Amino acid sequence: MAAKRPHVTRESTENMYDPKDVEERWQAFWKQNRTNEPSLSQAADPFFNLMMFPYPSAEGLHVGNLYAFTGADVYGRFQRLRGHDVFQPVGFDAFGIHSENFALKVGIHPMDLIPANIMNFTRQLKRSGIMYDWTHTVDTTDPEYYRWTQWIFLQLYKAGLAEKKEAAVNWCPSCKTVLANEQVISGRCERCHSAVGQKTLSQWFFKITQYSQRLLDNLEWIDWSETTRMAQRNWIGRSEGATLRFQVAEGSEEAVSVFTTRPDTVYGATFLVLAPEHPLVYRFVPESHRATVDEYLAATAELDLVERKKTDKEKSGVFTGGSAVNPATGESVPVWIADYVLMEYGTGAIMAVPAHDQRDFEFARAYDLPIRPVVAPAGSVDQGSDSADLSVPAIDAAFVEHSADEVLINSGPFSGRAATEAGEAIVESLAERDLGEPSVNYRLHDWCISRQRYWGSPIPVVYCDECGIVPVPESDLPVVLPRLEQFKPSDDGIAPLAKSAEFYRVECPECGVEARRETDVSDTFLDSAWYFLRYPSTDVSDRAMDADRTRRWLPVDMYIGGEEHAVLHLLYSRFITMALSDLGYVDFEEPYKKFRKHGLLIRDGSKMSKSRGNVVIPDQYIGSHGADTFRAYLMFLGPYTVGGDFRDQGISGPHRFLHKVWDAVHSCVEAAAGAGDGGGRELDEDIERKLHQTIKQITEDFAELSFNTGVAALMEYLNAIRAQGRTPLRPEVEPLVIMLAPVAPHLCEQLWEVLGGQPSLFDEAVWPEYDASKLVADSVRIPVQVNGKLRGTVQVSRGASADTVRDAAMAEEGVRRHLEGVEVRKTIHVQDRLLNLVVG
RNA sequence: GCGAAAGUGGCGGAAUCGGUAGACGCGCCAGCCUUAGGAGCUGGUGGCCUUUGGCCGUGGGGGUUCGAGUCCCCCCUUUCGCACCA
């Protein structure tokens, strides 16, 4: 039996790693010493590390929340160890339909439920060791918070950015409230997935569309995940084209405007289609057609958005009986109504060019309307001629190409010109007769913020018969949400607060006559659109934001959150910030310097859900393994920005690792005490190189949120220390403790102290720097290939010449065998990397 | 339909200015230590074969190259956005 290698493991059982003890001790220390509370008014090197605040559900903290927070926390602690003053607050996004529905279900009032949930969340978060500054939290349901949400509404109102208007809005029949466009996913409510209908109601809108172009332009330079920027770009949906006017009769003042991206095809516009909701619909309907039109409009009104927006259904529509004038040809074209034209996009009316638009083509086929080709495929007609035949070709689809190669036909003076260039010329000529102009259209809509629900911030407005809409004076804020015992939403679109005379009866702030409060509450997304602005100023009671602190801490340095908010929260908060910037309240227009999305956790290969019964309860694992192990496992199980698969068995790897780190540090200190030195002897060259390589790797990995490879590198480094087969030395383990600290903060605080450091490590320790000259060895082992296949390796000194390497390679048995009887025709040598011998 | 990302051992995943594929971890196997072990330690672990050696191998098929997981073309699959957007 070979001699046993000395174990790094310690024999003694005192000083066993007990996560529970260690974690409780350091959590108490942090609290007592205010370790996680940077000086908001004086910090020299501020770094605002923000994570999306949770909705405090009754089920408690979900492992998905904790995954997100842990990654953000590792990043924040890393920045702190690198010398920044890190402000890392947390709060609760506690208003909203979700809480309200849950409260209705269990019969507990949200005003009782939410504080209990928040307490529970707070307890769970504190256990997990996240570096929150608990002295600066927000709770969106606290009147001291939503007072400023209401204040923001007033600022936008005064600036003309909030407007009450009657509009066809999305109505969720199950949540019994209107929804913003962003909350309708494929025709369904994002909350409850019911098919959304449409209602015409008077609602408050924020004019986010006024910011469309700026919101789009800034996407070019903000440092965000590319996929998120893409999602916003798509959502804003800019398209360039022209607005053209089809007069109701030759020379009439009255006209139907259409938006088109293909003005080059206007000569092929053989009919006009209005959305069923278009205000001019009845302008075209003679008595003879009234009945059929009525019938069609009634039928479409019945459809919910899921039905209405099905793209695979047959096109349906009805002839109005009227006609309008094609501005290019001067021809009279029939006006139709069809539900494939949407009131919410463009002008709610289109010029139909069946030959060159697939939808128009299908509609024309269904109703036997004329199809006139005006764009010829490249090469099919001679440039400059107009010889194409006017009969409809036997095509079964619209021809939609339009590059510089396609040529216009049947287009009067524009025939024979390239499609792209002719389009601009046509618009120009129509503009001369005031029948059109170039225009840009956006998909983005104004943000409907009214909600006919109870659990939200009241919209601070009063309606007076004398004065009209009167904003609540700022000095009267907050408009407090009263405790209503009956707060069920109703089908009629009337908000629960409308049943409380005590709430809505009010004197007009301007003239003093009896008036009525707005009884709708605002969208939860308004609460969350500005919460990060409040964090540094939570202890300031006379304004939303303290100017000095805002300047010091904002914009946010790093924001980490889920991609699901790519077009909701992230777009709204950009808009609110931009508006506040224009109003002079902040001096930046983009709220987040950097945004990174994290991935999603799945469990054993499938999505976590209550119905599958595979939801991970963090408490259970923190209880059994400790928060540090749980954190390390979450960070290790996959790439943070992609997500990963949570498997119970996997947690033991990081658990063992932390135990080994504990043992290594203790045995180092014990041995050093026994030897009477500090354990601070010189490192071997190999381990020193490994250390510097590790520092480089971890520093780069943590900076780009690659926590899984970072943790792996720490494990590898510890393996290298242990493989030396002797008691670890202080210069080996000390950097390990510092670099592991972001991941396992409690453990490392303890070990830092064991090493003789002054707590807190996060105040005292300095993130190690690597020495580039120590990254590589003097001698390197490089692979030798013959015809690209690996045949051996050789050890040569760094920088060795091709000849030296080849000589060494020739001495290798495995290489020589493959060179027998053949001629080396070519030698590829990449210095310090590889030698490839090409033989014939 | 459009757009984006991704397909690597039994599993989670490393490695993409082209240069020793499978780091790290789980699991598994063997040994040690133990009254015992679901603890700990040591070693091994992509597949196949005629096993001091060799062949194959990163979804499939082509290509470029001395050399391809990585670059190019085609195809398949999955996931996620958007979706009658005029």
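Keep in mind that what you see is a predicted model, and the values were worked out from it rather than measured. Convention: sequence-line order gives letters A, B, ...; per-chain numbering from 1.
Straight-line distance between the P atoms of B:rG25 and B:rC41: roughly 11 Å, to the nearest whole Å. Across the C1' atoms, B:rU16 and B:rG54 are found 29 Å apart, a figure rounded to whole Å. For the C1' atoms, the distance linking B:rC32 with B:rG37 amounts to 15 Å, nearest Å. Nucleotides B:rG12 and B:rU65, compared at atom P, are 36 Å apart to the nearest Å. Using atom C1' as the reference point in both B:rG69 and B:rA21, the two lie 7 Å apart (nearest Å). Remark: the separation of the C1' atoms in B:rG22 and B:rC17 is 22 Å, to the nearest Å. With both ends at atom P, the span from B:rU35 to B:rG43 equals 24 Å, rounded to whole Å. If you take atom C1' in B:rA6 and the same atom in B:rU58, they sit 13 Å apart, rounded to whole Å.
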What are the atom names and distances for every N/O pair under 3.5 Å that joins the protein to nucleotides 18-20 of chain B?
residue : atom : partner : partner atom : Å
B:rG19  : N2   : A:Q785  : OE1          : 3.4

Between the protein and nucleotides 51-54 of chain B, list the N/O to N/O atom pairs that are separated by less than 3.5 angstrom.
residue : atom : partner : partner atom : Å
B:rG53  : O3'  : A:R817  : NH1          : 2.9
B:rG54  : OP1  : A:R817  : NH1          : 3.1
B:rG54  : OP1  : A:H818  : NE2          : 2.6

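Counting to the nearest Å, the P atom of B:rC26 and the CZ atom of A:F657 are 12 Å from each other. Residue A:E362 contributes atom CD, which lies 14 Å from atom C1' of B:rA86 at whole-angstrom precision. Distance A:R229 CZ to B:rA5 P: 13 Å, rounded to the nearest Å. Residue A:H445 contributes atom NE2, which lies 14 Å from atom P of B:rC85 at whole-angstrom precision. A straight line from CG of A:L570 to P of B:rG81 spans 15 Å, rounded to a whole angstrom. The OH atom of A:Y442 sits 14 Å away from the P atom of B:rA86 (whole-angstrom rounding). Between the CG atom of A:L835 and the C1' atom of B:rG67 there is a distance of 12 Å, given to the nearest Å. Across the protein-nucleic acid pair, A:F636 atom CZ and B:rC11 atom P stand 17 Å apart, rounded to whole Å.
Comparing A:M343 and A:G644 by the nucleotide of RNA chain B that holds the closest heavy atom to each, the one mapping nearer the 5' end is A:G644. If A:L837 and A:G638 are placed on RNA chain B by their nearest nucleotide, the residue sitting closer to the 5' end is A:G638.
Residue-level contact check: A:S652 touches the backbone only, with heavy atoms under 4.0 Å from sugar-phosphate atoms and none from bases. If you check every strand for non-hydrogen atoms under 4.0 Å, A:L342 touches a base. A:V258 comes within 4.0 angstrom of no nucleic acid atom, judged by non-hydrogen atoms across all strands.
Between A:R229 and A:E226 there is a salt bridge, with a side-chain nitrogen of the basic residue lying less than 4.0 Å from a carboxylate oxygen of the acidic one. Salt-bridge annotation for A:R245 and A:E437: present, with a side-chain N of the basic residue lying under 4.0 Å from a carboxylate O of the acidic one. With respect to A:R806 and A:D803, a salt bridge is recorded, a charged nitrogen being found less than 4.0 Å from a carboxylate O. Salt-bridge formation is detected for the pair A:R238/A:E240: a Lys NZ or Arg NE/NH1/NH2 atom is positioned less than 4.0 Å from an Asp or Glu carboxylate oxygen.
By the salt bridge (Lys or Arg N to Asp or Glu O under 4.0 Å) test, A:R816 pairs with A:E813, sequence neighbours left out. Under the salt bridge (Lys or Arg N to Asp or Glu O under 4.0 Å) criterion, A:D18 pairs with no residue, sequence neighbours left out. A:Y717 is linked by a ring-ring contact (aromatic ring centres under 6.0 Å, His included) to nothing, counting only residues two or more places apart in sequence or in another chain. Residues satisfying the salt bridge (Lys or Arg N to Asp or Glu O under 4.0 Å) test with A:R689, not counting sequence neighbours, are A:E685, A:D686. Contacts of A:V335 classified as side chain to side chain contact (heavy atoms under 4.5 Å, CB included), with partners at least two apart in sequence or in another chain: A:L272, A:L274, A:F284, A:T320, A:A324. Residues satisfying the salt bridge (Lys or Arg N to Asp or Glu O under 4.0 Å) test with A:R781, not counting sequence neighbours, are none.
Residues A:D357 and A:M351 fail the side-chain proximity criterion, which asks for heavy atoms closer than 4.5 Å.
Screening residues 335-344 of chain A for side-chain hydrogen bond (donor to acceptor under 3.5 Å, both in side chains) gives A:K309-A:E344, A:K313-A:D339, A:Y340-A:D360 as the qualifying pairs, with residues at least two apart or on separate chains. Residue pairs meeting the salt bridge (Lys or Arg N to Asp or Glu O under 4.0 Å) criterion with at least one member in residues 264-277 of chain A, sequence neighbours excluded: A:R262-A:D264, A:E277-A:R308.
Cation-pi contact between A:R574 and A:W235: absent, since separation from the ring centre below 6.0 Å together with deviation from the ring axis within 45° is not met.
A:Y296 and A:S316 form a side-chain donor-acceptor contact under 3.5 Å, judged by distance and modelled atom types alone.
Residue A:R656 has a polar side-chain atom (N or O) positioned under 4.0 Å from OP1 or OP2 of B:rG40. The shortest distance between the side-chain N/O atoms of A:R233 and the OP1/OP2 oxygens of B:rC82 is not below 4.0 Å. At B:rC56, one or more side-chain N or O atoms of A:K789 fall inside 4.0 Å of OP1 or OP2 (strictly under the cut-off).
The side chain of A:T227 sits closest to B:rA4 out of B:rA86, B:rA4, B:rC26. When distances are taken from the side chain of A:Q649 to each of B:rG3, B:rC82, B:rG27, the shortest belongs to B:rG27.
Formation of a donor-acceptor pair under 3.5 Å by the A:N326 side chain with backbone atoms of A:T270 is not found in this model.
Stem regions for RNA chain B, each three or more consecutive Watson-Crick or G-U pairs with both distances under 3.5 Å and listed by first number, read B:1-7 with B:76-82, B:10-12 with B:24-26, B:27-32 with B:40-45, B:46-49 with B:53-56, B:59-63 with B:71-75.
Applying a 4.0 Å cut-off to non-hydrogen atoms, the residues of residues 707-720 of chain A that approach RNA chain B are A:N708, A:T709, A:A712, A:M715, A:E716, A:N719, listed by residue number.
Glycosidic torsion of B:rG9 falls within 90° of 0, placing the base in syn.
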